[in-house]
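Sequential numbering from 1 along the given sequence is applied to the chain's residues. Counting starts at 1 for both ligands and their atoms, in listed order.
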Amino acid sequence: MSIKQNLLQIKSSLPEQVTLVAVSKTKPISDLMEAYEAGQRIFGENKIQEMTEKWEAMPKDIQWHMIGHVQTNKVKFMAPFVSLIHGVDSLKLLEEINKQALKNNRVIDCLLQIHIAEEETKFGLDKEELLTLLDSKSLSEMKNIRIVGLMGMATFTDDQNQIKKEFTYLKSIFDKMKSLQTENHELKTISMGMSGDYQLAIECGSTMVRIGSSIFGGR
Ligand SMILES: *Cc1c(COP(=O)(O)O)cnc(C)c1O
């Protein structure tokens, strides 16, 4: 099937409240343009340099999402245009995003990444770290960021029960956090689910799925 066919089939299967991020990392601009021409406007990349190059070359009504781990010293390159940063997991990184957003006279939307997988390798905050971060005075003073939700990645496994448990856990943290809203958070997004597990993620309450290989083919 073509990129267009894959995209349209996945889109038609998603409930209305679920946003599709087309994960285009490593793929050439011609592939992204095929998805663009089929109507896709949100693309996810995991490397800041690659995302910036694609942003420069492509139509300006695209929303670019950074879904990978972010190095503090590279935030400045995406600050002029990035529309949502999924993988925020420290106050230090938020401070840098806030600083660079201010320089660009913008407010940048961020998701806090929560560690839900069993694997040691995945980035993210645990529940205690999340509460500490949300409670910190410096966060409430950052006027150029807005925390709009949470992101998580499940363990890479075939065990559906394990994945379901992790997604359900993320949803429960999200629901608790909603009751703690302050000035610069406005929780509306749970980013969970990829090609292999997005249906399950949606059953567990996902509002944003990040799908790469099922649209663009393997990497
Ligand atoms: C690559 C990637 C995806 C997409 O993975 P697929 O299995 O190709 O759908 C989603 N989220 C993150 C954080 C990624 O790095």
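- Every atom of ligand 1 is numbered from 1 in the order shown, and the set under 4.0 Å from a heavy atom of I211 is 9 (O).
- No salt bridge links E95 with K99; every basic N to acidic carboxylate O contact stays at or beyond 4.0 Å.
- Given atom 12 (C) of ligand 1, the protein heavy atom at minimum distance is I67 CD1, 3.5 Å.
- Every atom of ligand 1 is numbered from 1 in the order shown, and the set under 4.0 Å from a heavy atom of G212 is 4 (C), 6 (P), 8 (O), 9 (O).
- Polar contact with ligand 1: absent for M153 (N/O pair, distance under 3.5 Å).
- Residue contacts with ligand 1: R210 is placed with a nitrogen or oxygen under 3.5 Å of a nitrogen or oxygen of the ligand (distance criterion only).
- Considering only non-hydrogen protein atoms, atom 10 (C) of ligand 1 sits nearest to M194 SD, 3.4 Å.
- Classified by interplanar angle (parallel below 30°, tilted 30° to 60°, perpendicular above 60°), the ring pair F123/H69 is parallel.
- Checking H69, K25, R219 against atom 8 (O) of ligand 1, the nearest heavy atom belongs to R219.
- Atom NZ of K60 sits in a crowded spot, with more than 12 heavy atoms from other residues, nucleotides or ligands closer than 6.0 Å.
- Distance alone, capped at 3.5 Å, places no donor-acceptor pair between the N105 side chain and the A101 backbone.
- One N or O on the side chain of R106 and one on the backbone of V82 form a donor-acceptor pair closer than 3.5 Å.
- In terms of modelled atom types and a separation under 3.5 Å, the side chain of Q5 and the main chain of S2 share a donor-acceptor contact.
- Interface of S195 with ligand 1, defined as ligand atoms under 4.0 Å from a residue heavy atom, comprises 6 (P), 7 (O), 8 (O), 9 (O).
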